[in-house]
Amino acid sequence: MKILIADDHDLVRDMLVLFLESQGLGPVVAAGSVDGAEAALAAAEGDPFRVVLLDYDMPGMDGLEGLARIRKFAAPVPVAILSGTASPAVARSAIVAGARGFLPKTMPAPSLAAAIRLIVGGDVYVPFSYLDAPEEEQLALTTREQEVLQGVAGGKANKEIARDLGLQEVTIKLHVKSLCRKLGARNRTQAAMLARDRRLVGR
């Protein structure tokens, strides 16, 4: 069962490769971007993959545009989405857009292997908790919070954001704390990831 995994986090990608091959799934080919996935698919023309797994938040994805690119390039090979932070709404959108599965990186390892086998067998896999989750309410952010969130998502430090907005650094810290609370994030890094998943900022 030849598998293609595209994920820009080296550690996560390497762990997935090792785990799947230990479960008798593979060989597994790894890529770090959508462009890398396309190159791997082109190189495998005479020995096609059985499934493609794409990280939702990596270079070239641009929301679900990367999914459309890879589906067109890989057809008829099934393509599924991997994500550590994407919401149930994103999962549903991915399935509507043609993904054959949505695989949270937080799911137990044996369940991940079973889900991949289901997808290869022709089924569509989404965790029940994602299917049953209520639709997200529109997140209420003030104009200032939106400006701070743009800076956080851009990788800027509080001091840089404060300088850009003409505010005190302590004020920015308070805004970041409020943003984390509203987004349900543990820290500013996760807040930035969740904001991108929910299309609150540009990618």
How long is the span from the [atom1] atom in [X] to the [atom2] atom in [Y], to the nearest 0.5 Å?
{"X": "Leu149", "Y": "Cys180", "atom1": "CG", "atom2": "SG", "value": "9.5 Å"}
{"X": "Ile3", "Y": "Phe49", "atom1": "CD1", "atom2": "CZ", "value": "10.0 Å"}
{"X": "Ile5", "Y": "Leu53", "atom1": "CD1", "atom2": "CG", "value": "5.0 Å"}
{"X": "Met193", "Y": "Asn187", "atom1": "CE", "atom2": "CG", "value": "9.5 Å"}
{"X": "Leu165", "Y": "Glu160", "atom1": "CG", "atom2": "CD", "value": "11.5 Å"}
{"X": "Ile172", "Y": "Lys159", "atom1": "CD1", "atom2": "NZ", "value": "13.0 Å"}

Compare every heavy atom of [Y] with every heavy atom of [X], then report the nearest pair and how far apart it is.
{"X": "Phe102", "Y": "Ser83", "result": "CZ-CB, 4.0 Å"}
{"X": "Leu54", "Y": "Gly66", "result": "CD1-O, 4.2 Å"}
{"X": "Ala113", "Y": "Gln23", "result": "CB-CG, 4.3 Å"}
{"X": "Ile161", "Y": "Gly151", "result": "CD1-C, 3.7 Å"}
{"X": "Pro110", "Y": "Phe19", "result": "N-CZ, 4.0 Å"}
{"X": "Ser33", "Y": "Gly36", "result": "OG-N, 3.0 Å"}

Subject >> Full working for salt bridge (charged side-chain N to carboxylate O under 4.0 Å, His left out) between Lys105 and Asp55 >> reply: CA-CA 9 Å; Lys105 293 179 182 177; Asp55 179 36; 3.1 Å; yes
If Ile, Leu, Val, Met, Phe, Trp and Tyr residues are connected whenever their side-chain heavy atoms lie under 4.5 Å apart, and connections chain through other members, are [X] and [Y] in the same group?
{"X": "Val51", "Y": "Met58", "answer": "no"}
{"X": "Ile95", "Y": "Val77", "answer": "yes"}
{"X": "Leu82", "Y": "Phe73", "answer": "no"}
{"X": "Leu20", "Y": "Val52", "answer": "no"}
{"X": "Val120", "Y": "Leu25", "answer": "yes"}

Counting only N and O atoms by type, is there a donor-acceptor contact under 3.5 Å from the side chain of [X] to the main-chain atoms of [Y]?
{"X": "Asp62", "Y": "Glu65", "result": "no"}
{"X": "Arg71", "Y": "Ala97", "result": "yes"}
{"X": "Glu145", "Y": "Leu179", "result": "no"}
{"X": "Lys182", "Y": "Leu141", "result": "no"}

**OP:** Dump the intermediate steps for side chain to side chain contact (heavy atoms under 4.5 Å, CB included) on Leu4 and Val28, then the final yes or no.
**Re:** CA-CA 6 Å; Leu4 172 59; Val28 182; over 6 Å; no
**OP:** Mind running side chain to side chain contact (heavy atoms under 4.5 Å, CB included) on Ile119 and Val124 for me, showing each step along the way?
**Re:** CA-CA 6 Å; Ile119 293 168; Val124 174; over 6 Å; no
Other residues, nucleotides and ligands only: do more than 12 of their heavy atoms fall within 6.0 Å of [atom1] on [X]?
{"X": "Glu169", "atom1": "CD", "value": "yes"}
{"X": "Lys156", "atom1": "NZ", "value": "no"}
{"X": "Met15", "atom1": "CE", "value": "no"}

Original post:
Side chains of Leu183 and Gln190: closer than 4.5 Å at any heavy-atom pair?
Top reply: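 Answer no - side chains too far apart.
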Original post:
Going by heavy atoms in the side chains, are Met61 and Ile81 under 4.5 Å from each other?
Top reply: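 Yes, side chains in contact.
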Subject >> Basic-acidic side-chain contact under 4.0 Å: Arg69, Asp35 >> reply: yes
Original post:
Hey, are Arg13 and Asp8 close enough for a salt bridge, meaning a charged N less than 4.0 Å from a carboxylate O?
Top reply: no
**OP:** Show your working on side chain to side chain contact (heavy atoms under 4.5 Å, CB included) between Val148 and Asn158 and close with a plain yes or no.
**Re:** CA-CA 9 Å; Val148 173; Asn158 288 344; over 6 Å; no
**OP:** Output, in order, the C-alpha distance, side-chain angles, deciding distance and verdict of side chain to side chain contact (heavy atoms under 4.5 Å, CB included) for Tyr56 and Leu67.
**Re:** CA-CA 9 Å; Tyr56 178 71; Leu67 170 64; over 6 Å; no
